[in-house]
Amino acid sequence: MTSPPSPPAEYNLPKTFSSEAILKQAKTDLKHPDPQVRILSIKYYLEKSYPSIPMSLLQEILSDQDPDVRAQALRSLIKFRSPIVSPLLKKYLKDSDPRVRIAALRGMFQYQEKIDLNILLQFLSDESTWVRRKVATLLGWTQIEGALPILMELSRDQDTMVRKAALFSLAALYPDESENYMMEAMTDSDPGLRKWAKMTLEKIVARPLKRRMAFLRSQV
């Protein structure tokens, strides 16, 4: 992988530059035909001037025709604890491009607000494997009440990597409940997933006997 390009000299703005001068240059660069220039403009202007950036300019950025530009705009906005960001994230969960939907998803989890599970349910049938996998992964990083049914459904996803991500999160959050799903995965159509499920189940089974006896009694 190559390192990201260094910002042009004009992006190293002196601290004495006024916010008006910064925004003036931003408006110019956001009209540039090269998406990479527009992305740099977001990184080095939006993050310097927010929250004083006018809503009209913010809407222009988030409506950019290039999905990478829209995704970068969301990632930059997520860095600010502003009440206007949360509704924007919900809006772009329905973006036409999976990169933007993933950026919005990450933002929702990073804000650590109470997430409406009905919002996450819509992603069970998302056309993008990346998006479904990201939902499974993000659920494993947080403690969200009611996540178990979503992870159970994702553990049977048509894509191998989505199934593995869901099983990994199940094992992390619900070690006892995950045993049955690991056993099912040992007969999965993918040999790599079968091997991983077997290794993970062996680790679960090796837990202290006291915890295992408590689990077995709960099944009677």
| Residues K31, E60: salt bridge by 4.0 Å N-O rule | yes
| message | Side chains of T142 and L173, heavy atoms from C-beta outward: is any pair under 4.5 Å? | response | no
| said: Can a donor-acceptor pair be found, under 3.5 Å and without considering hydrogens, that links the side chain of Y92 to the backbone of R70? | reply: no
| field | Worked verdict on Y174 versus L151 for side-chain contact (heavy atoms from CB on, under 4.5 Å) | value | CA-CA 10 Å; Y174 309 99; L151 288 172; 4.2 Å; yes
| said: Please determine whether the number of non-hydrogen atoms from other residues, nucleotides or ligands lying under 6.0 Å from atom CZ of R106 exceeds 12. | reply: no
| said: Return the CG to CG distance between D116 and L121, rounded to the nearest 0.5 Å. | reply: 8.5 Å
| said: Any non-hydrogen side-chain atom of L93 less than 4.5 Å from a side-chain atom of Q122? | reply: yes
| Note, I78 side chain near L89 side chain (heavy atom, < 4.5 Å) | yes
| message | Checking D126 against R101 for the salt bridge (charged side-chain N to carboxylate O under 4.0 Å, His left out) test, could you report, in this order, the C-alpha distance in whole Å, the side-chain angles of both residues, the deciding distance, and whether it holds? | response | CA-CA 10 Å; D126 194 281; R101 298 199 296 276; 2.9 Å; yes
| task | Compare all side-chain heavy atoms of I144 with those of F109 and state whether any distance is below 4.5 angstrom. | result | yes
| Separation of T200 OG1 from L167 CG (nearest 0.5 Å) | 8.5 Å
| Any side-chain heavy atom of I42 within less than 4.5 Å of one from S76? | yes
| Transitive ILVMFWY side-chain link M161 to I150, under 4.5 Å | no
| query | Side chains of R132 and Q158: does their closest heavy-atom pair fall under 4.5 Å? | reply | yes
| Is it the case that R163 and T160 place a side-chain donor and acceptor less than 3.5 Å from each other? | yes
